[in-house]
2 protein chains.
Amino acid sequence: MTRKPSKTAVPSAIRAGAKGPVPARSDEVPASNRATRAAERRAAIVEAAMDEFIARGFAATRLDDIAKRAGVAKGTIYLHFKDKESMFEELVRTVIVPVVTRLTTLPPPTGTVRELVETFAGNFLKEVIGTRRGDLVRLIVAEGPRFPSVADFYYREVVSRGIAAMRALIELGIARGEIREKDLARYPQILVAPAMIAVIWQSLFARHAPLDAQEMLRVHLDLIFGERRTT
Amino acid sequence: MTRKPSKTAVPSAIRAGAKGPVPARSDEVPASNRATRAAERRAAIVEAAMDEFIARGFAATRLDDIAKRAGVAKGTIYLHFKDKESMFEELVRTVIVPVVTRLTTLPPPTGTVRELVETFAGNFLKEVIGTRRGDLVRLIVAEGPRFPSVADFYYREVVSRGIAAMRALIELGIARGEIREKDLARYPQILVAPAMIAVIWQSLFARHAPLDAQEMLRVHLDLIFGERRTT
DNA sequence: TGACTATGACTGACCAGTCAGTCATATATT
DNA sequence: AATATATGACTGACTGGTCAGTCATAGTCA
């Protein structure tokens, strides 16, 4: 059957002579070729989807809103993603991977263990705490139970690696005599716990009581490495 | 006594909070009087709603399912709650309050500060970590941003009180010389961070890697109070 | 009996996912 | 180079299903 144009009014799509075919997008970039345009669109969708999912959660997010925000028609989303669920899953992967890569790109192993940990904490502070990526972490905590594949992915790619890296640092610290508490190596979670709390705090309670995450992390490191003799 | 039907149910006769040990054995009952029956129904709805909300999140939870699980008709829910949102909000209050009350009922201030903190941690471990209440905390983290009133309530009734209580303990510990890190009093979050992480871990990653929360908390306290032989 | 409480069929809004049709761009032909 | 044809990215009206909230009716207790 033909897509009957509509019984009344002129078919919107046939505005003869209309020039701007896609006026929605804010930045009018005349993408060179198709492949590039497609990649840009996909990126725009991911971007928009992240904002919407963070703001409303998975179930309450409307694909219409994502499409609108991305400056794309709803159908276009389905050219890039199978459905809402797999869009969410791919989104998490797409956003998380680069962050992990960047954070695990350790600096040259020079200096004390404390300095290594401080560098890591500094990066985490800058890249995650209080940023949209931090909100994404909160989102994963929120939706994880309903998306086993996301939880699995997150555990495998982020948590287990992070724990292993922290454990290695702790063991190095113990070996060098910088850390006294030997059992800490059994629970690297303790090392990162305040950082995670900071992420959640910024999302939920920043408006009630601002938290100086940097200073809190410093105090925590003092607790683990012993008071610091300032720089 | 005139039961004010008003628009929203009055949270008065809600003694049957969680597991009512009082009601006679078995179930299905002698339903003495109307007020009692009403309270029981309300409790059943709250119970069912908590399970559903924890399992599916706010938006994805169907009132039909809550009604079915609670053994009542959907319309009955509306005799007790104005709508889905206020049901969620009241649910959080109803469930959280008793827990906070129980946890803040401190033991006699005898013994060391470490013992006080250990008692608190032990209660928290038993009452929250790995239980449905822990899942509720995760749920609040998840839905908080979309329910400012819930986040406000939680901050006011739980977080700020908990932080204040922890700060008092830390200051006492510092005064008595049990805690060396003086700056800790500025960030009581550090004291509870591992406990919160344990809550989240049990919800999300217990399947991948079981976590001995009790032992982790012990190590953390060793870190704060200094080594100490355990039982 | 009369007031109060419970029920569940029903309604209307809402939304994920579809697909016939369009048109800018790429490729083939002259 | 200019023109013709092919491709597939893109659109958005539409469908089918879902679900929060309602209310006429039935049931229960005092």
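Chain naming here is simple, since letters A, B, ... match the order of the sequence lines and numbering starts at 1 in each.
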*B:Val72 and B:Thr76: which non-hydrogen atoms are nearest, and at how many Å?*
CB-CB, 4.0 Å

*Are B:Arg146 and B:Glu85 close enough for a salt bridge, meaning some N to O gap below 4.0 Å?*
no

*If you measure from NZ on A:Lys126 to CZ on A:Arg133, what distance do you get to the nearest 0.5 Å?*
10.0 Å

*More than 12 non-hydrogen atoms from neighbouring residues, nucleotides or ligands closer than 6.0 Å to CD on A:Gln214, yes or no?*
no

Atom [atom1] of [X] to atom [atom2] of [N]: distance rounded to whole Å?
| X | N | atom1 | atom2 | value |
| --- | --- | --- | --- | --- |
| A:Leu63 | C:dA16 | CG | P | 5 Å |
| A:Tyr78 | D:dT15 | OH | P | 17 Å |
| A:Glu85 | C:dC15 | CD | P | 18 Å |
| A:Asp83 | C:dG17 | CG | C1' | 9 Å |
| B:Arg62 | D:dC19 | CZ | P | 5 Å |
| B:Lys84 | C:dA13 | NZ | P | 19 Å |
| A:Asp65 | C:dC15 | CG | P | 8 Å |
| B:Lys68 | D:dC19 | NZ | P | 13 Å |

*Would you check, one step at a time, whether the test side chain to side chain contact (heavy atoms under 4.5 Å, CB included) holds for A:Met216 with A:Trp201?*
CA-CA 12 Å; A:Met216 181 172 81; A:Trp201 190 283; over 6 Å; no

_Plane angle bin for A:Tyr154 and B:Phe205 - parallel if under 30°, tilted between 30 and 60°, otherwise perpendicular_ = parallel

*What does nucleotides 6-12 of chain C look like as a protein-contact string, B for base, S for sugar-phosphate only, - for none, at under 4.0 angstrom between heavy atoms?*
BBB----

